[in-house]
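One structure below.
Residue indices begin at 1 and follow the sequence shown. Here the structure is a predicted model, which is why all the values come from computation and not from measurement. Every heavy atom of this structure was used, including side-chain atoms; hydrogens, water molecules and symmetry mates were not.
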Amino acid sequence: MNRNIVFAAIVLIAAATAYSFISLDGTVNRHETGADGVLPGQAGSSLNPEPGPAQVAERKRREAMRAEYEKLEQARDGVRKQLATLKSRLWKLRVPPDRARAIQEQLAQGHALLKNPPLLGAFSSVDEIAGEMEKVSGVNARLEALGTDVEALLAAREPR
C-alpha cells in the first residue's frame, strides 16, 4: 500500500477523533445546564413522573410472567436431566428394533423441545407460558415412563 494513502488515512482518523472531543463541550441538547445539572426550564419538573395505572399493571404482568418463566426453566432442566440419564442408561444396551424406534422418537421429541426454546420475550401472557409448561411437563412424564421401561430392560438383560 502506498505510504501517502496510509498517512492520509491516519490524519483523517486523528482529525475525526479531535473533532469529536472538541464537540463534547458539556452541554445537553445544546442548552446550558445549571450547577445541579438541570436545564433552566426544568427546575420544578421531575424527570421520572409517577407511573400510571397502565404502567403498574404492565409491571405486575411482567413480574408474573417472569415467575412463571422461572418455573418453565426448571421444568426444562428436568427434561435435560432425564435425557442425560436415559442416554447414559441406554449406552451399549441392546434393545429390540421396534422398541428402539419408539425410544428414539421419544428422545428426539425431548431434544427438539430443548433445541431452540422460546425465551421470555416470545410470550405475551402467563397463559402462553403455562401452555409451554404443559408441553414440557408432558415430555418429562413420557421420559420418566421411558426410564422405567429402560430399567426393566436393564434388569432383564443377561449378566456379563
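- Through side-chain heavy atoms spaced under 4.5 Å, either directly or across other Ile, Leu, Val, Met, Phe, Trp or Tyr residues, Val11 is tied to Phe7.
- Interatomic distance, Met133 CE to Arg76 CZ, rounded to the nearest 0.5 Å: 10.0 Å.
- A salt bridge is defined here as a Lys NZ or Arg NE, NH1 or NH2 lying under 4.0 Å from an Asp or Glu carboxylate O, and Glu63 with Lys60 fails to meet this definition.
- Summarising the geometry, atom CG belonging to Leu72 is positioned 10.0 Å from atom NZ belonging to Lys135; distances are rounded to the nearest 0.5 Å.
- Put simply, CG on Leu86 and NZ on Lys81 are 14.5 Å apart, with the number rounded to the nearest 0.5 Å.
- Heavy atoms only, all atoms of each residue included: Asn140 and Gly78 are closest at OD1-O, 4.0 Å.
- Atom CD1 in Ile103 sits 7.5 Å away from atom CG in Leu93 (nearest 0.5 Å).
- Side chain of Glu68 to backbone of Ala64: no donor-acceptor contact under 3.5 angstrom is found.
- Environment of CD in Glu128: crowded, with over 12 heavy atoms of neighbouring residues, nucleotides or ligands closer than 6.0 Å.
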Show me the side-chain donor-acceptor pairs of residues 106-123 shorter than 3.5 Å, one per line, residues at least two apart or across chains.
none

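- A salt bridge links Arg62 with Glu58; the closest basic N to acidic carboxylate O contact falls under 4.0 Å.
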Side-chain atoms of residues 143-154: list all donor-acceptor pairs with protein atoms under 3.5 Å, sequence neighbours left out, distances to 0.1 Å.
from: Thr148; atom 1: OG1; to: Ala145; atom 2: O; distance (Å): 2.6
from: Asp149; atom 1: OD2; to: Arg99; atom 2: NH2; distance (Å): 2.6
from: Glu151; atom 1: OE1; to: Arg89; atom 2: NH2; distance (Å): 3.2
from: Glu151; atom 1: OE2; to: Arg89; atom 2: NE; distance (Å): 3.0
from: Glu151; atom 1: OE2; to: Arg89; atom 2: NH2; distance (Å): 3.4

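- Within the model, atoms NZ of Lys71 and OG of Ser137 stand 11.5 Å from one another, a figure rounded to the nearest 0.5 Å.
- Here the side chain of Gln55 pairs a donor or acceptor atom with the backbone of Gly52 at under 3.5 angstrom.
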Next on the checklist: Could you go through Arg80 and Asp77, starting from their C-alpha distance and side-chain angles, then the distance that decides it, and tell me whether this counts as side-chain contact (heavy atoms from CB on, under 4.5 Å)?
Outcome noted: CA-CA 5 Å; Arg80 281 186 196 96; Asp77 287 341; 2.7 Å; yes
